[in-house]
Amino acid sequence: MIQPNIMQRTLVKSALNASGPSDAILLQGWVRTRRDAKAFSFIELNDGSCLKGMQIIVDATLPDYANVLHANTGASIEVRGKLVESKGGGQKWEVVAEQFTVLGETDATYPLQKKGHSLEFLREIAHLRPRSNLFGAVFRVRSRLAYAIHQFFQDKGFFYVHPPIITASDCEGAGEMFRVSTLDQKKPPLTPDGEVDHTQDFFAKPTYLTVSGQLEAEIFACALSNVYTFGPTFRAENSNTSRHASEFWMIEPEIAFCDLNGNMDLAEEFVKYLIRDVKEHCAGDLEFFSKFVDKELLGRLDFVLEKPFVRCSYTEAIAILTASGKTWEHNVAWGDNLQSEHERFLAEEHFKCPVTLYNYPRSLKPFYMRVNENCEPDRETVCAMDLLVPGIGEIIGGSQREERLDVLRENMARHHLSEKDYWWYLDLRRYGTVPHSGFGLGFERMLMFVTGVANIRDVIPFARTPGTAEF
RNA sequence: UGCCCGGUAGCUCAGUGGCAGAGCAGGUGACUGUUAAUCACUUGGUCGCUGGUUCGACCCCAGCCCGGGCAGCCA
């Protein structure tokens with residue numbers, strides 16, 4: 001006999017993997033679709049535990065059968081019954097209901113239907129889209145990817161550090177920042193000069209949302225040796241592309257006693273580890289992406305796993321681009337930034353493989369990157385590296401940091417940065433300085449690469465982009 | 001921010017200077033161990049907003065709003 005009150009809920013995922021039938025099973029979830037026959041109804045129940053749903057059979061003679069007619073697409077239901085081998089062709093197991101309850105009905109206004117929704121429409125109903133096949137899969141993979149990131153670093157003895165989200169460093173060189181303030185916006189206190197008096201603000205100085213935890217991570221690398229951060233970052237740039245968001249998550253390892261080569265090795269190992277982990281633990285979801293989102297996904301992931309990433313210096317890259325005979329929209333010359341079209345050509349056409357570009361011109365890069373010795377005159381470079389992947393472009397940016405106090409001070413002067421604002425950063429070079437390196441991986445960009453989903457707004461639960469902060 | 005494309009039923013879209021359309025969803029009925037079931041019938045419209053041209057505008061023009069793509073910035 002069923003004993004409803006002590007019966008444990010079974011997730012669809014484990015029910016589908018059952019090794020044998022069961023006389024008593026409890027499932028809870030949402031109706032994906034219902035097909036009524038004269039003598040019984042088929043219901044597909046999905047609870048988000050995996051892509052697939054469980055087929056429920058409800059016989060018309062069941063006392064609860066009247067409830068079934070209220071179980072429309074989207075309704076939440078609870079089913080108690082027997083897990084049996086399916087008589088139909090599409091699935092191994094199905095549940096013959098003995099009790100059937102509708103917990104929450106839906107009506108004709110329920111926006112999610114059984115087919116034909118555009119990603120743009122689903123973005124507008126971000127509170128319901130996790131119930132769709134695609135977004136259920138995306139967010140299961142997102143969860144696994146986050147777990148795999150911790151596992152990778154923890155297994156290597158890295159420590160997880162939490163840099164501040166509110167920061168007073170106003171020129172970390174990574175773009176426009178969001179202001180954090182409790183001052184009255186209409187009537188801020190003013191100094192005698194008529195400027196806003198930040199000494200009266202909450203932190204007694206101007207503060208912002210962080211654009212990077214790197215500088216703080218360096219502090220901890222110079223103490224715990226190997227560390228990583230993993231948290232939200234904020235950029236107030238007015239970027240309107242499929243791969244930029246105003247709020248995104250970033251992973252930033254920082255390694256003491258490590259040069260640029262070690263940094264590039266770690267980045268490559270990291271990316272491959274994550275792909276391998278998701279392939280192993282999210283196989284069903286990846287199959288779905290490969291079928292409906294990007295037919296070449298699985299092949300591309302295998303390809304990336306098999307081949308060593310190409311390493312190519314900036315100077316070599318310029319030579320390749322110049323020799324390609326292509327006409328570029330943006331000019332190619334040593335000392336200029338590589339544009340999207342150049343990076344795409346290198347990764348997608350020339351090498352057809354992930355590419356790590358390194359040793360960029362000093363003038364293009366931030367103050368904290370280590371200046372290379374033995375450069376050609378007027379062609380000074382720094383120990384910077386960018387990892388480009390086909391289809392997305394830059395997924396990792398990193399560098400060896402300048403550990404020499406005098407060179408760092410000279411760099412800061414070139415960038416018009418005040419030593420007073422960075423006194424603690426300079427102290428790291430005054431007291432027991434060490435060569436150290438690190439990089440930043442865009443979490444959502446990695447998720448795009450692994451799922452084949454083309455727009456960053458579709459791999460973030462509630463995306464923040466210029467003009468949009470709904471939910 | 002610049003350039004380009006789009007906005008017509010709940011959703012996906014077609015359409016023409018002269019009566020507003022289809023498929024799916026919803027509703028009703030039939031049928032069926034079904035699989036995005038199938039079949040018949042059926043409800044459903046501020047054609048993004050404002051103004052202009054015209055006898056007449058969903059259609060042409062202007063401005064605005066919203067969505068998307070690409071570029072720049074970067075993760």
Side-chain angles (χ1 to χ4, degrees), chain A residues 32-44 52-59 69 72-74 84-91 94 96 106-125 128 132-133 172-176 211-214 229-252 267 292 329-330 337-344 364-366 386-389 392-398 439-449 454-460 465-468 470:
Chain A
R32 278 297 168 77
T33 177
R34 190 182 92 219
R35 297 175 288 276
D36 296 324
K38 193 170 266 175
F40 50 87
S41 290
F42 296 101
I43 287 169
E44 188 187 333
K52 291 199 172 76
M54 177 63 80
Q55 175 156 287
I56 313 290
I57 315 292
V58 193
D59 198 278
L69 302 175
N72 294 323
T73 300
V84 301
E85 284 195 42
S86 177
K87 292 181 206 163
Q91 58 285 315
E94 63 190 18
V96 177
T106 52
D107 61 21
T109 64
Y110 183 65
L112 273 180
Q113 293 163 17
K114 295 171 205 170
K115 68 170 183 180
H117 291 304
S118 65
L119 294 174
E120 290 83 356
F121 171 68
L122 290 167
R123 265 171 225 153
E124 292 169 8
I125 50 167
L128 296 172
S132 67
N133 284 334
E172 293 175 20
E176 292 294 310
V211 293
S212 166
Q214 179 202 316
T229 74
F230 183 14
T233 45
F234 307 87
R235 306 270 168 98
E237 299 288 347
N238 191 6
S239 297
N240 292 290
T241 81
S242 54
R243 56 191 193 285
H244 288 88
S246 311
E247 176 181 316
F248 63 98
W249 284 54
M250 189 156 60
I251 301 97
E252 296 181 287
F292 294 106
E329 200 168 316
H330 300 269
N337 260 317
L338 296 178
Q339 305 297 321
S340 280
E341 56 173 339
H342 308 138
E343 297 183 342
R344 270 207 313 275
L364 297 178
K365 293 295 183 180
D386 283 349
L387 175 58
L388 314 177
V389 295
I392 293 175
E394 184 177 344
I395 197 166
I396 280 178
F439 61 81
L441 169 75
F443 181 57
E444 283 81 9
R445 287 192 182 170
M446 187 66 201
L447 197 50
M448 290 166 74
F449 186 65
N455 195 310
I456 199 167
R457 290 176 270 243
D458 297 326
V459 296
I460 302 179
T465 51
T468 304
E470 191 64 58

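Letters A, B, ... mirror the listed sequences (proteins, then strands); counts begin at 1.
In this structure, A:T73 and A:R34 have side chains that are not in contact, with every pair of non-hydrogen atoms separated by 4.5 Å or more.
We find the CZ-CH2 distance between A:F230 and A:W249 to be 6.0 Å, quoted to the nearest 0.5 Å. To the nearest 0.5 angstrom, A:H342 atom NE2 is 9.0 Å from A:E329 atom CD.
A donor-acceptor pair is defined here as one N or O able to donate and one able to accept, closer than 3.5 Å; no such pair exists between the side chain of A:E252 and the backbone of A:G440.
For A:N240 against B:rU1, a side-chain-to-base donor-acceptor contact under 3.5 Å is present. With hydrogens and angles ignored, a donor-acceptor pair under 3.5 angstrom links the side chain of A:E94 to the base of B:rG33.
The side chain of A:R445 sits closest to B:rC74 out of B:rC74, B:rG33, B:rU12. Nearest nucleotide to the side chain of A:S86, out of B:rG33, B:rC73, B:rG68: B:rG33. If you check B:rG68, B:rA71, B:rG33 against the side chain of A:R344, the one that comes closest is B:rA71. Comparing B:rU35, B:rA75, B:rC73 against the side chain of A:N337 picks out B:rC73 as the nearest. The side chain of A:N455 approaches B:rG69 more closely than any other nucleotide in the set B:rU34, B:rG69, B:rC73. Nearest to the side chain of A:H330, among B:rU32, B:rU35, B:rG72, sits B:rG72. For A:F121, counting side-chain heavy atoms from C-beta on, the closest listed nucleotide (B:rG67, B:rA71, B:rC11) is B:rC11. Residue A:Q113 has its side chain nearest to B:rC24 when only B:rC24, B:rC70, B:rA37 are considered. Nearest nucleotide to the A:M250 side chain, out of B:rA75, B:rU1, B:rG68: B:rA75. The side chain of A:S118 approaches B:rU12 more closely than any other nucleotide in the set B:rG72, B:rU12, B:rG33.
A:F42 does not qualify as a stacking partner of the B:rG33 base, lacking a centre-to-centre distance under 5.5 Å together with planes within 30°.
If you take atom P in B:rG15 and the same atom in B:rU35, they sit 33 Å apart, rounded to whole Å. Comparing the P positions of B:rG18 and B:rG56 gives a spacing of 14 Å, expressed to the nearest Å. Taking atom P in both B:rA9 and B:rA22, the straight-line distance is 13 Å, to the nearest Å. Separating the C1' atom of B:rC41 from that of B:rC58 is a span of 29 Å, rounded to the nearest Å. Taking atom C1' on both B:rC24 and B:rA37, the two are 14 Å apart, rounded to the nearest angstrom. Nucleotides B:rC13 and B:rC39 place their P atoms 23 Å apart, quoted to the nearest Å.
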- Query: Given pairs defined as Watson-Crick or G-U wobble with both distances under 3.5 Å, what dot-bracket annotation applies to RNA chain B, with ( ) intrastrand, [ ] crossing, | other strand and . unpaired?
  - Reply: (((((((..((((....[..)))).(((((.......))))).....(((((..]....))))))))))))....

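In this structure, A:Q55 reaches the bases: a heavy-atom distance under 4.0 Å links it to at least one base atom across the strands shown. Across all strands shown, A:N72 has no heavy atoms under 4.0 Å from either base or sugar-phosphate atoms. Note on A:L441: nothing from the nucleic acid sits closer than 4.0 angstrom, heavy atoms only.
By the side-chain contact (heavy atoms from CB on, under 4.5 Å) test, A:R123 is found to be paired with A:L119, A:E120, A:R129, A:N455, A:R457, A:D458, residues two or more places apart in sequence or in another chain being considered.
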